[in-house]
Structure formats: C-alpha cells, structure tokens
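Supplied in structure tokens, the structure appears directly below.
Lettering of chains follows the sequences in order, A, B, ..., and the numbering in each one begins at 1.
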There are 2 protein chains.
Amino acid sequence: MLTIGTLAKRTGTKVQTIRYYEQIGLMPEPGRTEGGQRRYGNAELDRLAFIRHSRQLGFPLDAIRELLDLSDAPDRPCHEADEIARRQLKLVEQRMERLKALRAELKRMVKECSGGNAAQCRVLEVLRDHSECLTEHDQIGI
Amino acid sequence: MLTIGTLAKRTGTKVQTIRYYEQIGLMPEPGRTEGGQRRYGNAELDRLAFIRHSRQLGFPLDAIRELLDLSDAPDRPCHEADEIARRQLKLVEQRMERLKALRAELKRMVKECSGGNAAQCRVLEVLRDHSECLTEHDQIGI
DNA sequence: TTACATCCTCTAGCTACTGTAGGTTCAAGT
DNA sequence: ACTTGAACCTACAGTAGCTAGAGGATGTAA
C-alpha cells in the first residue's frame, strides 16, 4: 500500500494535484487508514501514470477522461481513441505553425534593435504598429 | 471620442477585456460621459493596439507592462526592451522544441493504431506506459 | 417619445493546478 | 510506553488572462 506522498514521487506529481484529481473525479476515492489517511494500490498507480503521461503529451483533462473511459472498456472499438489522438496532433501542429511565425517576428525585432534609447527602439516600434509585421498571427492563445 | 465598443472593434478586443485591462492598471482610467460611460481618445487606441499586438506575439502581461513603461520613457536605453524580446524569443524556441517531440510521439501513436478495439489499441498502450516513448517530454506546461 | 443597441457594475466561472494555515496521524527511535 | 518529526488531513485562496451573465442605466436615431 502506498501513501499519497509515495504515489506522488513515483509518478512525478504533486500531492495536491493527486487530491485535486480525486476531487474532480479523475482519480477514484482510495481506501483510508483508521486515522483517515489515503492508501493506494497498483491500479491507482497505473491510472495516475496514464493521466500524467497524457498530460505531458498535452491532452486536456477532458480528453484524458474519455481515454480512461475507453481504457476501462476493452471491448469498445478504438477509433475513438485514435480520433482523440488525431485531434491532439492537429492542435499541436497548429501551435507549431503559429510559433514559427512568432519566432520569425521576434527574431527580426531583436536583430534590428539599434542599441540606442527607447525612442529609436525597433522592438517597441514593431509592437506599436502591427502593419510592420512580416507575418500574420491573429489568435492569442499560444 | 470612441466608445468602448468602437475601441474594441478597432483593436479586435472584447469589451470586457478592455475593462479588465483597466482594472489591472494596464489601461488608464478614461474620461466618462455625464451618464458614466467611458470615452477614449487616440492615445488609448494606440496603447491598446500595442498591448494586443504584444499579446499576439505571446508576451505575458507583466512583460507588456515593462514594455509600456519603457515606451513611456523615450530617454531610457533600449537594451531592456531588447532583453524582454530576447527572453520571449527563447521561450518560443523552447516551446517549439517541446512541441516537435510531442508531435513525433503523437504521429507514431496515430500511425500504429491497429483499428481494432480498445484492448489492442496502441494509442492507449503508449499512454499507459511512458517507457514506450521514443522521445523525452518531461514538463507539462505547453 | 420610444425603441433598442450599447453601456454600466458586480460576481462567478474557466483550466489545471499550487500554496498556505492550522491541525492530526504515522512510524521510528529510545 | 513515549516522544519526535515528517508526512498527512481539510479548507480556502490564489495564479493567468480572460469570458459570461444578471440586472439595470444610458445614448441615439427615427
């Protein structure tokens, strides 16, 4: 049986995060000692590892919830999981494109900084005037 | 004089966002009509455009605050602005690297999906076991 | 004058956690 | 058996950067 602290260490999670996952129903309510402390088994360890790994791949908690449901029902066809992964892949690719444009713009800003004072600063100038942009970057969420 | 709605339209901002910027001190308190409605001039339009453009380039509000301070003091040397931009560029480059690794992993997951049912699904399997990863991806914030 | 779009304040909610306060329990050492 | 100290407990507040809604006031054109 594992304490919450041990579980946290094994999965690279903070203790509070585990309690948070329990609160939102992503982790089950575990057994308790007489004194009221949580104790976990291997099933919970696996489940948390799954959650953490999915998070590292950028899946939002909602998607992870769906994936866990699928994982709990081995008979269901897997194209749903595939679709969730494809959706995530698409998102990642969109983010990459956006970051590429931003990087180009930032590189240009930094390169053109004259090193004088703020009045002539190209960095500030570029920020002041969107029309100077070489690239399009129209949504804000990165 | 511009109403808040016009200002919002001109800068591609939501009305609530402008009020939020005022609340956190990023935008100044504007003049009001007798009835209490906000009215803006061109200085505010420029300032908001600056803020929005900086946000689109991924600068956090704190950095934008610093940039606005610099922008308000044309005599200060510009290396501070340059440094903020460089910091942002570095962040963007880190994010790109991370996304590249994630994309590789997701592509592999999707490619190997057998199309059977959840029990044999590679997507779920890869998520279950981090050791199957081909790439390292250890922080969560994307 | 009337209609109605737009404005106002205030509050709560979103994601995914993280931190803190104040108190309890567990396990190891003596 | 007793003490000590790390780890646990709950509950609440805070983070970034907005966004949405309620319920009511104002501005403007016909």
dA16(D) phosphate, OP1 or OP2: any side-chain N/O from R65(B) under 4.0 angstrom?
no
With a 4.5 Å heavy-atom cut-off, do L57(A) and Q88(A) have their side chains touching?
no
Give one of base, sugar-phosphate or nothing for I24(A), where a contact means two heavy atoms less than 4.0 Å apart.
nothing
Between CE of M27(B) and P of dG17(D) the distance, given in whole Å, is 17 Å
Could you go over nucleotides 21-28 of chain C and give all protein N or O partners under 3.5 Å, atom names and distances?
unit_1  : atom_1 : unit_2 : atom_2 : d
dC26(C) : OP1    : T33(A) : OG1    : 2.8
dC26(C) : OP1    : G35(A) : N      : 3.0

Can you figure out which of dT10(D), dC8(D), dC17(C) approaches the side chain of R32(A) most closely?
dT10(D)
If you only use heavy atoms from C-beta on, which nucleotide in dG19(C), dC8(D), dC17(C) is closest to the side chain of K14(A)?
dG19(C)
So if I take every side-chain heavy atom of T17(A) and compare against dC9(D), dT9(C), dT18(C), which nucleotide ends up nearest?
dT18(C)
Flag yes if more than 12 heavy atoms outside R87(A) fall under 6.0 Å of its CZ atom; otherwise flag no.
yes
Looking at R55(B) and F59(B), would you say the former's side chain and the latter's main chain have a donor-acceptor pair under 3.5 Å?
yes
dC8(D) OP1/OP2 closer than 4.0 Å to side-chain N/O of R38(A)
no
Would you indicate, yes or no, if dC17(C) has its OP1 or OP2 atom less than 4.0 angstrom from a side-chain nitrogen or oxygen of R55(A)?
yes
Electrostatic pair R128(A):E125(A) at N-O distance under 4.0 angstrom:
no
Return yes when atom CG of D72(A) has more than 12 non-hydrogen atoms of other residues, nucleotides or ligands closer than 6.0 Å, and no otherwise.
yes
Does the distance from a Lys or Arg side-chain N to an Asp or Glu carboxylate O, for K100(B) and E97(B), drop under 4.0 Å?
yes
Are I18(A) and Y40(A) packed together at the side-chain level, in the sense that at least one heavy-atom pair is separated by less than 4.5 angstrom?
yes
Between Y20(A) and dT15(C), is there a contact of a side-chain N or O with OP1 or OP2 at under 4.0 Å?
no
Rounded to whole angstroms, how far apart are CG on L7(A) and P on dC8(D)?
10 Å
Between P on dT26(D) and CD1 on I4(B), what's the gap in Å once rounded to a whole number?
17 Å
Any N/O pairs under 3.5 Å between the protein and nucleotides 1-5 of chain D? List them or say none.
none

Would you say a side-chain N or O of R19(B) is under 4.0 Å from OP1 or OP2 of dG17(D)?
no
Salt bridge present between D82(A) and R86(A) (N-O < 4.0 angstrom)
yes
Between C1' of dT9(C) and CD1 of I18(B), the distance in whole Å:
16 Å
Can you name the closest pair of heavy atoms from A81(B) and V123(A) and give their distance?
O-CG1, 4.0 Å
Would you say the side-chain atoms of E44(A) pair up with the backbone N or O of G41(A), donor to acceptor, closer than 3.5 Å?
yes
Rounded to whole angstroms, how far apart are NZ on K9(A) and C1' on dC8(D)?
13 Å
Hey, does the side chain of Y21(A) come within less than 4.0 Å of dA16(C)'s phosphate (OP1/OP2), counting only N and O?
no
For D62(B) and dG17(D), give me the distance from atom CG to atom P, rounded to whole Å.
7 Å
Can you tell me the distance, in whole Å, between the CD atom of Q16(A) and the P atom of dG14(D)?
16 Å
Rounded to whole Å, the OH-C1' distance (Y40(A) to dA7(D)) equals 14 Å
When V15(B) and F59(A) are each assigned the nearest nucleotide of DNA chain C, the 5'-most assignment goes to V15(B)
